[in-house]
Enquirer: 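Pasting a structure here, questions to come.
Only a predicted model underlies this, so the values are computations on that prediction, with no experimental measurement involved. When a ligand or atom number is given, it counts from 1 through the structure's own listing order. We use all heavy atoms of the structure for the numbers below, so side chains are in, but hydrogens, waters and symmetry mates are not.
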Amino acid sequence: MDDVLTELCTRGASSAPSPSPSPYVDLSRAEWSALRERTPLPLTAEEVEQLRGLGTALDLDEVRDVYLPLSRLLNLYIHATHELRGAVGTFLDTPDTERTRTPFVIGVAGSVAVGKSTTARLLQALLARWPEHPRVELVTTDGFLLPNEELRRRGLMARKGFPESYDRRALMRFVADVKAGKEQVTAPVYSHLVYDIVPDQRLTVQRPDILIVEGLNVLQPALPGTDGRTRLAVADYFDFSIYVDARTDDIENWYLSRFKKLRDTAFQDPSSYFRRFTEVPQEEAMEYGRQVWRTINKPNLLENVLPTRGRATLVLQKGADHKVRRALLRKL
Ligand SMILES: Nc1ncnc2c1ncn2[C@@H]1O[C@H](COP(=O)(O)OP(=O)(O)O)[C@@H](O)[C@H]1O
Ligand SMILES: CC(C)(COP(=O)(O)O)[C@@H](O)C(=O)NCCC(=O)O
């Protein structure tokens with residue numbers, strides 16, 4: 001367990017001065033897995049295979065042991081949240097229909113290449129199988145990155161993924177509109193292949209039961225206001241949040257092996273931004289990958305992403321083989 005995680009789990013057992021009690025309960029994989037109870041497995045091995053991102057290990061055992069307990073927990077959370085909204089609705093004397101229409105919003109955070117997308121896609125598939133909330137939409141925050149042209153103008157091309165590389169106001173507006181029950185809300189779309197926002201393409205979300213918002217910085221607190229007004233962040237709209245966690249060195253290995261695989265696959269596409277790396281020796285391409293990790297993704301992880309881990313409702317900690325080893329669930 002790394003130092004920061006130890007800090008999250010401290011239980012006040014060490015000598016004085018005694019640290020404050022952890023808000024998390026720390027569960028081993030076996031302890032967490034037992035909590036799935038009788039939740040049925042609604043996916044086949046083929047469906048799981050289709051949800052798996054490049055380089056991310058995921059099989060039926062992982063779905064059963066890690067994601068079924070999570071699906072059960074989220075279902076309980078969704079029921080409890082509706083009850084709570086019902087209580088507030090009773091207090092405010094609002095009609096029943098308005099109380100149940102607000103979507104339940106889940107944030108999924110973590111480093112580049114940690115496997116957030118796989119976690120988010122899998123959750124989408126599992127949660128949509130519950131009859132109570134069949135409409136589950138997934139939005140990734142990369143759609144809210146500023147277009148490359150604007151990033152270049154602002155000198156931010158080597159800061160892609162840092163908080164300032166996003167149109168944070170548009171992202172906030174999107175989540176706030178979905179949460180407010182707006183009939184139809186649209187988001188811009190990012191292409192990893194072209195490495196830029198796709199012009200004239202929008203993703204449309206129509207009153208989902210659940211919205212999953214996945215991205216590096218979704219747990220970032222709001223920027224401090226200068227005018228005395230309260231600033232909100234997207235995380236203020238989350239009913240539940242998950243931080244996908246792993247050792248930085250493991251994530252670096254995953255990033256680099258994915259880069260190598262992409263060189264043999266997606267980069268070959270004539271429209272790929274990285275096409276030139278298929279035309280140079282492998283070592284030269286890998287040196288570029290190492291440089292991107294060292295100068296962009298790792299600093300962003302350490303400066304911006306990792307410090308938000310302690311804000312998550314649930315931390316899923318992966319081992320070097322991508323399998324979840326521990327789950328830390330916020331209890332306070
Ligand atoms: N250059 C690329 N070309 C094509 N696909 C990519 C490229 N870089 C990343 N991807 C894919 O985009 C998705 C999101 O990746 P990323 O933002 O690193 O988050 P994570 O790995 O945590 O889901 C992954 O499925 C990954 O395989
Ligand atoms: C697009 C990303 C910023 C991730 O965005 P997210 O969906 O987490 O908002 C990231 O995958 C990325 O491309 N980073 C830039 C450095 C790199 O090429 O890896």
Side-chain angles (χ1 to χ4, degrees), residues 49-58 107-124 138-148 151 156-168 170-172 174-175 187-198 203 212-220 234-235 242-246 248 250-278 285-286 288-301 304-306 308 316 318 322:
E49 178 67 28
Q50 279 163 15
L51 293 166
R52 187 154 65 98
L54 196 62
T56 313
L58 183 72
V108 180
S111 169
V112 164
V114 79
K116 305 179 294 301
S117 319
T118 301
T119 299
R121 281 195 298 268
L122 184 55
L123 266 187
Q124 180 184 28
L138 168 59
V139 168
T140 54
T141 59
D142 48 18
F144 293 91
L145 281 164
L146 297 166
N148 286 353
L151 288 173
L156 292 176
M157 217 25 209
R159 305 277 289 177
K160 208 182 247 199
F162 281 67
E164 63 273 23
S165 65
Y166 293 86
D167 182 348
R168 281 174 279 189
L171 174 61
M172 269 289 291
F174 171 85
V175 178
V189 174
Y190 182 79
S191 161
H192 279 271
L193 195 69
V194 181
Y195 206 61
D196 202 353
I197 296 294
V198 186
L203 175 98
I212 302 174
V213 186
E214 178 245 302
L216 291 167
N217 290 305
V218 295
L219 286 171
Q220 281 260 316
V234 271
I242 301 161
Y243 185 98
V244 185
D245 192 27
T248 305
D250 290 335
I251 308 174
E252 175 174 358
N253 289 336
W254 300 338
Y255 179 78
L256 292 174
S257 63
R258 187 174 80 184
F259 192 86
K260 201 187 232 167
K261 280 195 197 126
L262 286 169
R263 183 174 174 269
D264 298 332
T265 54
F267 293 180
Q268 306 277 342
D269 189 307
S271 54
S272 172
Y273 179 83
F274 295 99
R275 173 105 172 115
R276 69 204 131 118
F277 292 111
T278 61
M286 292 315 292
Y288 176 81
R290 279 192 286 275
Q291 189 196 320
V292 171
W293 177 259
R294 201 173 50 241
T295 60
I296 306 178
N297 295 326
K298 183 177 177 184
N300 194 23
L301 168 61
N304 298 305
V305 184
L306 202 46
T308 67
L316 291 177
K318 288 178 162 189
H322 259 289

Enquirer: State which residues pass side-chain contact (heavy atoms from CB on, under 4.5 Å) with Thr141; sequence neighbours excluded, sorted by chain then number.
Expert: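 Thr141 satisfies side-chain contact (heavy atoms from CB on, under 4.5 Å) with Tyr166, Leu171, Val213, Val218 only.
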Enquirer: State, with a plain yes or no, whether a side-chain heavy atom of Leu138 is found less than 4.5 Å away from one of Val108.
Expert: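 Sidechains of Val108 and Leu138: no contact.
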Enquirer: Go through ligand 1 atom by atom and flag the ones less than 4.0 Å from a non-hydrogen atom of Phe274.
Expert: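 So the atoms of ligand 1 that pass are 1 (N).
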Enquirer: Which atoms from ligand 1 have a heavy atom of Ser111 less than 4.0 Å away?
Expert: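 Answer for ligand 1: 22 (O).
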Enquirer: Is it true that Phe267 and Phe259 have ring centroids separated by less than 6.0 Å?
Expert: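 So the answer is yes for these two rings.
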Enquirer: Return the set of residues passing salt bridge (charged side-chain N to carboxylate O under 4.0 Å, His left out) with Arg276 (not counting sequence neighbours), or none when no residue passes.
Expert: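 With sequence neighbours excluded, Arg276 shows a salt bridge (charged side-chain N to carboxylate O under 4.0 Å, His left out) to no residue whatsoever.
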Enquirer: Under 3.5 Å between any N/O of Lys116 and any N/O of ligand 1: does that happen in this structure?
Expert: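 Right, the criterion is met.
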Enquirer: For Tyr195, is the NZ or CZ atom of Lys160 found under 6.0 angstrom from the centre of its six-membered ring and inside 45 degrees of the ring axis?
Expert: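 Yes - Lys160 lies over the ring of Tyr195, closer than 6.0 Å to its centre and within 45° of its axis.
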Enquirer: Got the closest protein heavy atom to atom 14 (C) of ligand 1, with its distance?
Expert: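 Ranked first by proximity to atom 14 (C) of ligand 1 is Ser117 OG, 3.3 Å.
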Enquirer: Considering only protein heavy atoms, which is closest to atom 7 (C) of ligand 1, and at what distance to one decimal place?
Expert: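 Heavy-atom neighbour on the protein nearest atom 7 (C) of ligand 1: Leu262 CD1, 3.6 Å.
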Enquirer: Going by heavy atoms, is Phe267 under 4.0 Å from ligand 1?
Expert: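 Under 4.0 Å: yes for Phe267.
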Enquirer: Taking a 3.5 Å cut-off between nitrogen or oxygen atoms, can you list every pair linking ligand 2 to the protein, with distances?
Expert:
{"unit_1": "ligand 2", "atom_1": "5 (O)", "unit_2": "Tyr166", "atom_2": "OH", "d": "3.4"}
{"unit_1": "ligand 2", "atom_1": "7 (O)", "unit_2": "Asp142", "atom_2": "N", "d": "3.2"}
{"unit_1": "ligand 2", "atom_1": "8 (O)", "unit_2": "Leu216", "atom_2": "N", "d": "2.9"}
{"unit_1": "ligand 2", "atom_1": "9 (O)", "unit_2": "Thr141", "atom_2": "OG1", "d": "2.4"}
{"unit_1": "ligand 2", "atom_1": "9 (O)", "unit_2": "Asp142", "atom_2": "N", "d": "3.2"}
{"unit_1": "ligand 2", "atom_1": "9 (O)", "unit_2": "Tyr166", "atom_2": "OH", "d": "2.6"}
{"unit_1": "ligand 2", "atom_1": "18 (O)", "unit_2": "Tyr195", "atom_2": "OH", "d": "2.7"}
{"unit_1": "ligand 2", "atom_1": "19 (O)", "unit_2": "Tyr255", "atom_2": "OH", "d": "2.9"}
{"unit_1": "ligand 2", "atom_1": "19 (O)", "unit_2": "Asn297", "atom_2": "ND2", "d": "2.9"}

Enquirer: Evaluate the side-chain proximity of Val139 to Glu214: yes if any heavy-atom separation is below 4.5 Å, no if none is.
Expert: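 Heavy-atom side-chain distance check fails, nothing below 4.5 Å.
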Enquirer: Is the closest side-chain donor-acceptor distance between Asp250 and His322 under 3.5 Å?
Expert: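 Their side chains do not contain a donor-acceptor pair, so the 3.5 Å distance test is not met.
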Enquirer: Salt-bridge test for Lys298 and Glu252: reply yes if a basic N is under 4.0 Å from a carboxylate O, no otherwise.
Expert: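 So Lys298 does not pair with Glu252 through a salt bridge.
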Enquirer: Do the side chain of Ser272 and the main chain of Gln268 share a donor and acceptor less than 3.5 angstrom apart?
Expert: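 Not confirmed, Ser272 side chain does not pair with Gln268 backbone.
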Enquirer: Answer yes or no for Gly161: is there a heavy-atom contact with ligand 1 below 4.0 Å?
Expert: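 False for this residue.
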Enquirer: Would you say Thr118 and ligand 1 have an N/O pair spaced under 3.5 Å apart?
Expert: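 No, since none of the N or O atoms of Thr118 sits under 3.5 Å from an N or O of ligand 1.
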Enquirer: Backbone N or O of Val114 within a donor-acceptor pair of the Ser111 side chain at under 3.5 Å?
Expert: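 Not a single qualifying donor-acceptor pair exists.
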Enquirer: Is Ala113 in polar range of ligand 1, meaning some N or O pair under 3.5 Å apart?
Expert: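 So ligand 1 has an N or O lying under 3.5 Å from an N or O of Ala113.
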Enquirer: In the protein, what heavy atom is nearest to atom 26 (C) of ligand 1, and what distance, to one decimal place, separates them?
Expert: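 Atom 26 (C) of ligand 1 sits closest to the protein heavy atom Arg258 NH1, 3.3 Å.
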Enquirer: Where is the nearest protein heavy atom to atom 3 (N) of ligand 1: which residue, which atom, and how far?
Expert: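 Looking at atom 3 (N) of ligand 1, the protein heavy atom closest to it is His192 O, 3.7 Å.
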Enquirer: Answer whether the closest heavy-atom distance between the side chains of Leu301 and Ile251 falls below 4.5 Å.
Expert: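 Yes, close enough: below the 4.5 Å cut-off.
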Enquirer: Checking Glu49 now: which residues fulfil side-chain hydrogen bond (donor to acceptor under 3.5 Å, both in side chains) with it, not counting sequence neighbours?
Expert: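 So Glu49 forms a side-chain hydrogen bond (donor to acceptor under 3.5 Å, both in side chains) with Arg52.
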Enquirer: Assess Gly110 for proximity to ligand 1: is some non-hydrogen atom of it under 4.0 Å away?
Expert: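 Not so, Gly110 does not reach ligand 1.
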